[in-house]
Amino acid sequence: MMSQEQNDLITRTGPKDPCGRLMRSYWQPAALVDELEGARPIRPVRLLGENLVLFRDETGRYGLMDRHCAHRGADLAFGRLEHGGLRCAFHGWLFDATGQCIETPAEPKDSKLCQNIRQRSYPVVEKSGILWAYLGEGEPPAFPEIDCFVAPGTHTFAFKGHMACNWLQALEVGIDPAHASYLHRFFEDEDTSTAYGKQFRGASAGSDLPMTKILREYDRPIINVEHTEYGLRLIALREIDEERTHVRVTNQLFPHGFVIPMSTEMTITQWHVPVDDENCYWYAIFTSYAAPVDKQKMRDQRLELYELPDYKSRKNRSNDYGFDPHEQHTATYTGMGNDINVHDQWAVESMGAIQDRTKEHLGSSDKAIVQYRRLLRQEIEKVSGGEKPMLFLDEANARSIQGPATMDGIGPTRGWETYWMEVDVKRRRGAPWTAPVPKEIADNVHKLTAAE
């Protein structure tokens, strides 16, 4: 358990909050590129408790600025895109992508008023289907050369979904290897050949065992947590028998992301981004190491659950997440359908808008949660003391963070330590794009045989 003060420290992300200052040290997903498609590329955005407007001007430049006009506070999300910027519909004041006011048409012709007016704005870059914003001070950091940023656009797909809760409890479900054996338990296994685009529905690498069967029947994983340059590595071991062990390697990507295997050919890199302290979006980039991603199929699958334009789930608190007691008795552990996003959403939203950690009781299976919270507090203290936090990179060392390695497979009970590396290296070397082998794995390449 922790005190209320400690809980506030690691959950609150406003501009003046210590954790908010930490979050502003990193690029944050602000929207999907898809959201600014169409005839009117303007979108209101709430990010880290700030009300903003995102737009793309006629030249293709992206702008992100305060939502309320510097003149008299009218809503710029209803503005007009014209003459190189976003024009307020109230008095016609025009702002370019940097927030500079370039026209005040209601003023006298010789007025110089606009020269001294600047709407607070933030830089925006497009990367792997997501528009990223930097809300911090000074020069923004470089992006690490992780797989989802290195892979070509044909081999990535980006999507997002809303959760009505604090970002931290949403993140913590993704670094909890034990919960999948219960929350995502299916009582019957499907044909794994139809598992494309679905998590936990395919077969584990090196076997024909469905993941649903492994999670259901081997529900007491041994969890190892290792500290890395980018955050944490989690290794969950489920012993099948004396000869075989299921190995699942996932990663916490600081500050609020994780990288997990989706299938033998695809990984998910996901961030839990605070909208404010009581809402967040998960942004995910799916990365394929084999064939190009079937983006239409992936998008159609997800739009069965998520409604546009706000990417909110059709199954939510208002309809009990689709809960069916008969299904809970016969088909799924939750009774909330087959989409594991709904299971996760119920779990984290049911904790309350901000989980009260003064009342929780952690067990040994929560060791990754404990280690992450310590890491989070450590990095908050560094930023409060004027230091740069973990993974705040410059161009010179951006390449130092690659990968990270991840896998899901059935390996030897004795020798699993190198088995997972072999599987990861083999997949990288077989990719149609240049998937770098992380240095920590490359240092062991000379020991590996399965990758050759």
Side-chain angles (χ1 to χ4, degrees), residues 13-17 20-21 23-127 129-143 273-276 281 308-310 383 386 392 394-395:
T13 59
K16 297 181 180 179
D17 295 314
R21 291 197 291 273
M23 289 298 182
R24 284 165 175 78
S25 298
Y26 302 93
W27 289 99
Q28 297 287 340
L32 297 174
V33 172
D34 290 348
E35 294 182 78
L36 265 70
E37 296 299 321
R40 189 174 182 275
I42 305 173
R43 179 124 183 105
V45 168
R46 185 163 168 79
L47 180 60
L48 297 177
E50 298 188 32
N51 292 315
L52 309 168
V53 59
L54 177 66
F55 67 96
R56 188 183 69 246
D57 68 18
E58 298 105 318
T59 68
R61 287 195 310 169
Y62 290 105
L64 180 69
M65 62 180 70
D66 280 349
R67 183 170 174 176
H68 296 284
C69 181
H71 181 204
R72 284 168 58 190
D75 189 347
L76 288 172
F78 292 88
R80 301 170 59 90
L81 281 175
E82 56 189 29
H83 299 158
L86 180 63
R87 192 184 294 279
C88 181
F90 193 10
H91 292 89
W93 285 27
L94 181 66
F95 301 90
D96 68 15
T98 71
Q100 178 63 50
C101 182
I102 53 178
E103 288 184 14
T104 53
E107 296 297 304
K109 285 186 177 182
D110 59 352
S111 172
K112 305 296 183 183
L113 177 63
C114 65
Q115 296 177 7
N116 299 315
I117 303 295
R118 178 178 287 273
Q119 192 84 348
R120 186 174 57 171
S121 65
Y122 302 107
V124 178
V125 297
E126 178 182 343
K127 214 163 186 64
I130 294 175
L131 297 174
W132 301 76
Y134 181 66
L135 274 62
E137 299 178 355
E139 286 297 313
F143 281 85
V273 183
V275 172
D276 49 38
Y281 274 107
L308 303 181
D310 296 321
V383 171
F392 187 97
D394 57 29
E395 293 294 342

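Just so you know, residue 1 is the first one in the sequence shown, and it goes up from there.
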Value rounded to 0.5 Å, distance of CG in Leu52 from CG in Leu135: 6.0 Å

Set of side-chain hydrogen bond (donor to acceptor under 3.5 Å, both in side chains) partners for Arg24, sequence neighbours left out: Glu50

Gln115 side, atom CD; Gln100 side, atom CD - distance, nearest 0.5 Å: 8.5 Å

Non-hydrogen side-chain atoms of Tyr62 and Pro41 separated by less than 4.5 Å: no

Gap between atom CG of Asp57 and atom NE2 of His83 - 0.5 Å precision: 13.0 Å

Minimal non-hydrogen separation, Val383 against Ser25, with atom names: CG2-OG, 4.1 Å

Exam field: side chain Ser121 to backbone Thr98, donor-acceptor pair closer than 3.5 Å: yes

Pairing of Arg118 and Asp96 as salt bridge, 4.0 angstrom limit: no

Under the side-chain hydrogen bond (donor to acceptor under 3.5 Å, both in side chains) test, residues paired with Arg67 that sit two or more places apart: Asp75

Check: His68 main-chain N/O paired with Gln119 side-chain donor or acceptor under 3.5 Å: yes

Shortest non-hydrogen contact from Phe392 toward Pro140: CZ-C, 4.4 Å

Which residues share a side-chain hydrogen bond (donor to acceptor under 3.5 Å, both in side chains) with Arg80, sequence neighbours left out: Glu82

Nearest heavy atoms of Ala77 and Ile42, plus distance in Å: O-CG2, 3.8 Å

Note, Leu86 side chain near Leu81 side chain (heavy atom, < 4.5 Å): yes

Check: Val273 main-chain N/O paired with Gln28 side-chain donor or acceptor under 3.5 Å: no

Check: Ile130 and Leu32 side chains under 4.5 Å, non-hydrogen atoms: yes

Distance, nearest 0.5 Å, that separates OG1 of Thr13 from CG of Leu48: 5.0 Å

Whether over 12 other heavy atoms sit under 6.0 Å from Glu137 CD: no

Heavy-atom closest pair, residues Pro309 and Arg43: O-NH2, 2.6 Å

Pairs flagged by ring pair (Phe, Tyr, Trp, His ring centres under 6.0 Å) wherever residues 32-52 is involved - sequence neighbours left out: none

Sequence neighbours excluded, every pair satisfying ring pair (Phe, Tyr, Trp, His ring centres under 6.0 Å) that has a member inside residues 93-123: His71-Trp93

Shortest non-hydrogen separation from Pro29 to Leu47 and the atoms involved: O-CD1, 3.8 Å

Stepwise side-chain contact (heavy atoms from CB on, under 4.5 Å) check, Phe55 with Leu76: CA-CA 10 Å; Phe55 67 96; Leu76 288 172; over 6 Å; no

Heavy-atom donor-acceptor pair, Arg56 side chain to Leu36 backbone, under 3.5 Å: yes

Contacts of type ring pair (Phe, Tyr, Trp, His ring centres under 6.0 Å), residue Tyr281, not counting sequence neighbours: His162

Validation row: His91, Cys69 side chains within 4.5 angstrom (heavy atoms): no

